[in-house]
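Reading through the structure tokens given below for one structure.
Quick note on labels: first sequence line is chain A, next is B, and so on, each numbered from 1.
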2 protein chains.
Amino acid sequence: MATFKTRAQHVADDLRERILSGEFKGGSQLRQDALARDYDVSRIPVREALLTLESEGLVEFHAHRGAFTTELSVAAVRELFDLRVLIETHALRYAIPNLTASDLDQAEAILDQYDAALDSGSQIGNWGDYNFAFHHALYAPSGLPETLAIIGQLNTKAGRYIRMQLLYTRKIEKAEREHRELLKLARQGDVAKACQLLETHIKEAAGSVVAVLENSLNSA
Amino acid sequence: MATFKTRAQHVADDLRERILSGEFKGGSQLRQDALARDYDVSRIPVREALLTLESEGLVEFHAHRGAFTTELSVAAVRELFDLRVLIETHALRYAIPNLTASDLDQAEAILDQYDAALDSGSQIGNWGDYNFAFHHALYAPSGLPETLAIIGQLNTKAGRYIRMQLLYTRKIEKAEREHRELLKLARQGDVAKACQLLETHIKEAAGSVVAVLENSLNSA
DNA sequence: ATTTTGCATATTGTATACAGCACACAATTG
DNA sequence: CAATTGTGTGCTGTATACAATATGCAAAAT
């Protein structure tokens, strides 16, 4: 496959990472010229990258005024996480009957890998990526590509909030335990319980993000 | 607000219409140069338009090979319409308690407007737009912008299939009756029945699209 | 003092020009 | 003859250059 990556895609990938990491506050203007210098490219691939990020909901364009990072809001968190519950349980329901041993092992491997990284004292860094990789591994066997795409979208949009949570709370261990439990239920093929757990898993995450966010917005 | 429209946006809007209308078969290559001449602009806004359409799922980019319209598939129809049921009933559930008299009147006005256009013997043309406008009017009071955005996405993706259905079947009258009925249930505030009807409404549409599509793919 | 009008400037949006990759077909080698 | 490697062409991807718009500030008018 060797899928070639254009400069625009490189810029998009890196810039997405920077936005999710919180380098830019909500509502910051992203000047095309500055970014172009940053990445040592012309403004054209930068514009294309910004368009991509716009479609992902991380950035908004205003004609002749440029691109701004989208604002964070409590309402958006609530909505995004509600949608995650709705759609991810849907995907999980379809996926569980199709899960092969290899699928389950792969999902477990992701958890182990992350545990190892965590024990070695390294920084959380891209926990969000591990988190999504695990969830994705569970849903993928559903054989529903459009659904997976939307789940991916929701997770990139929610990514900024998830990072916030991890930065300001210490819920990772709890999430990890729930992941293990979720995997166990999936292994047993218990659709109802697995979906139930997934629902509370996501809703609790939403709760702590809202707490963090309300705090940070009040103090601002 | 007077939102300025860039050339890229104009091209995107028109091209989307052309793709949805079926002017391009699935998998057709969209040559940037030709489109640029078509719209009398340079290739840059064309590229940006194509990127927008890619994010909407109507087009796919392959590096250095260009943009192609996405392929149609029965599996995609099933999935997209299932998602519509899941998410649109969710939105409707939240919207109904918030519906004001003015909201309901507005929705009804859309139906009347369409009936008038239909009686005057004009072509179906943009029935898809009316259809979406009506659904959107019902969901908007849910106050869930992210959810509405996803519903919009699903509808543009499904748009190609919906047009197909209308072109090859005579189900519009039936759909219109169901719309009236849906509006009535919404007025009564009967969430359960309204969601039930919406579900069968969408599922039946899916069924007839699948029938059309299987036919057309077999004969190809 | 407050509002309004005009200009200056910075930044975006687009056209034009060029570089680079992919595919097809010819040439070459075993 | 088959497989493989060169080479040319057409298109995409990107840089550079230019046009057009929004914003801020200063000057003028009420």
For DNA chain D, find the residues of residues 36-48 of chain B with a heavy-atom distance under 4.0 Å and give them by number; none if there aren't any.
Arg43(B), Ile44(B), Arg47(B)
OP1, OP2 of dA22(C) versus side-chain N and O of Arg65(B): anything below 4.0 Å?
no
When the distance from NE2 of His62(A) to C1' of dT23(D) is rounded to whole Å, what number comes out?
15 Å
Start at the 5' end of DNA chain D and walk down; is the nucleotide closest to Arg7(A) or to His64(A) reached first?
Arg7(A)
Between dC21(C) atom P and Lys5(A) atom NZ, what is the distance in whole Å?
17 Å
May I ask you to say whether Glu17(A) pairs ionically with Arg163(A), meaning some side-chain N is under 4.0 Å from a carboxylate O?
yes
Once you round it to whole Å, what is the distance between C1' of dT12(D) and CG of Leu50(B)?
11 Å
Please report, rounded to the nearest Å, how far the P atom of dA22(D) is from the CZ atom of Phe4(B).
7 Å
Can you check whether Leu83(A) reaches Lys157(A) side chain to side chain, under 4.5 Å on heavy atoms?
no
Separation of dA17(D) P from Asp33(A) CG (nearest whole Å):
13 Å
Is there a side-chain contact between Thr52(A) and Glu56(A), using heavy atoms and a 4.5 Å cut-off?
yes
Taking C-beta and beyond as the side chain, do Ile162(A) and Trp127(A) meet within less than 4.5 Å on heavy atoms?
yes
Using a cut-off of strictly less than 4.0 Å, decide whether Gln32(B) has a side-chain nitrogen or oxygen near OP1 or OP2 of dG13(D).
yes
Taking the side chain as every heavy atom from C-beta outward, state whether Leu183(A) and Leu138(A) have any atom pair closer than 4.5 Å.
yes
For residues 40-47 of chain B, run the donor-acceptor check on the side chains, cut-off 3.5 Å, and write out each pair with its distance to 0.1 Å, sequence neighbours left out.
from: Ser42(B); atom 1: OG; to: Ile44(B); atom 2: N; distance (Å): 3.2
from: Arg43(B); atom 1: NE; to: Gln32(B); atom 2: OE1; distance (Å): 3.2
from: Arg43(B); atom 1: NH2; to: Gln32(B); atom 2: OE1; distance (Å): 3.4
from: Arg47(B); atom 1: NE; to: Glu48(A); atom 2: OE2; distance (Å): 2.8
from: Arg47(B); atom 1: NH2; to: Glu48(A); atom 2: OE1; distance (Å): 3.2
from: Arg47(B); atom 1: NH2; to: Glu48(A); atom 2: OE2; distance (Å): 3.4

Once you round it to whole Å, what is the distance between P of dA10(C) and CD of Gln29(A)?
14 Å
In whole Å, I'd like the distance from the CZ atom of Phe68(A) to the C1' atom of dT23(D).
11 Å
With Ile87(B) as partner, the option from Leu144(B), Asp82(B), Ile150(B) fulfilling side chain to side chain contact (heavy atoms under 4.5 Å, CB included) is Ile150(B)
Arg31(A) CZ to dT23(D) C1': how many Å, rounded?
11 Å
